[in-house]
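All values below come from the heavy atoms of this structure, side chains included, with hydrogens, waters and symmetry mates left out. Please read all numbers here as calculations on a predicted model, not as lab measurements.
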Amino acid sequence: MPAAAGTAAYKAPEQFEDEITTKSEVYSYGIILWELLHGDVPWAGRSELYIGRRVCDRNERPPMNADDGALRQLTESCWAAEADDRPSFADVVARLEAM
């Protein structure tokens, strides 16, 4: 799949620059975790340009609830700005199993 493909709300910062890796998929998984935790659509009603600027230029992510639990920590680690700072899927699974 070309890096430019996909829904903007789930794209990792590097995908806005036409790069994709397995860590890009970890980012998208973090957005899905956010969706499950909040029961909402991330960046609802916002354009791809708006989302890209917030994610890439301002390092913003959808707002988290005040809960400081393990799922929040996992979610935030999955959507780290730098791909190398995100966990692998093996690490994600291990963290979920530990919960």
Original post:
Within a strict 4.5 Å, meaning less than it, do heavy atoms of the Pro87 and Val26 side chains meet?
Top reply: yes
Subject >> Ion pair Glu14/Arg86, N-O distance below 4.0 Å >> reply: yes
Subject >> Arg95 side chain to Ser77 side chain, donor-acceptor N/O pair below 3.5 angstrom >> reply: yes
Subject >> Within 6.0 Å of CG in Asp57, more than 12 heavy atoms from elsewhere >> reply: yes
Subject >> Exam field: side chain Thr7 to backbone Ala9, donor-acceptor pair closer than 3.5 Å >> reply: no
**OP:** To the nearest 0.5 angstrom, please state how far the CD atom of Glu76 sits from the CG atom of Leu71.
**Re:** 11.5 Å
Subject >> Beyond-backbone contact of Tyr10 with Gln15, side-chain heavy atoms, under 4.5 angstrom >> reply: no
**OP:** Dump the intermediate steps for side chain to side chain contact (heavy atoms under 4.5 Å, CB included) on Ile51 and Phe16, then the final yes or no.
**Re:** CA-CA 10 Å; Ile51 296 167; Phe16 287 95; 4.2 Å; yes
Subject >> Interatomic spacing from CZ in Arg53 to CZ in Arg46 - rounded to 0.5 Å >> reply: 13.5 Å
Subject >> Co-membership, hydrophobic cluster, residues Val92 and Met64, 4.5 Å side-chain >> reply: yes
Subject >> Distance (rounded to the nearest 0.5 Å) between Ile32 CD1 and Trp79 CH2 >> reply: 12.0 Å
Original post:
Quick one: are Ser28 and Ile31 in side-chain contact, heavy atoms under 4.5 Å?
Top reply: no
Original post:
So Asn65 and Leu37, side chain to side chain contact (heavy atoms under 4.5 Å, CB included) or not? Walk me through it.
Top reply: CA-CA 9 Å; Asn65 288 336; Leu37 289 169; 5.8 Å; no
Original post:
Do any N or O atoms from the side chain of Trp34 and from the backbone of Pro63 form a donor-acceptor pair under 3.5 angstrom?
Top reply: yes
**OP:** Describe, in one word, how the ring planes of Tyr50 and Trp43 are oriented to each other, choosing from parallel (under 30°), tilted (30 to 60°) and perpendicular (over 60°).
**Re:** perpendicular
Subject >> Distance in Å, Phe89 CZ paired with Leu96 CG, rounded so as to fall on 0.5 Å steps >> reply: 10.5 Å
Original post:
Does some side-chain heavy atom of Arg61 sit less than 4.5 Å from a side-chain heavy atom of Val55?
Top reply: yes
Original post:
Looking at Glu48 and Lys11, does any basic side-chain N land under 4.0 Å from a carboxylate oxygen?
Top reply: yes
**OP:** Taking all non-hydrogen atoms of both residues into account, name the closest pair between Cys56 and Pro13 and its distance.
**Re:** SG-O, 3.6 Å
**OP:** Compare all side-chain heavy atoms of Glu25 with those of Ile20 and state whether any distance is below 4.5 angstrom.
**Re:** yes
Original post:
Once you round to the nearest 0.5 Å, how far does NZ of Lys23 lie from SG of Cys78?
Top reply: 9.5 Å
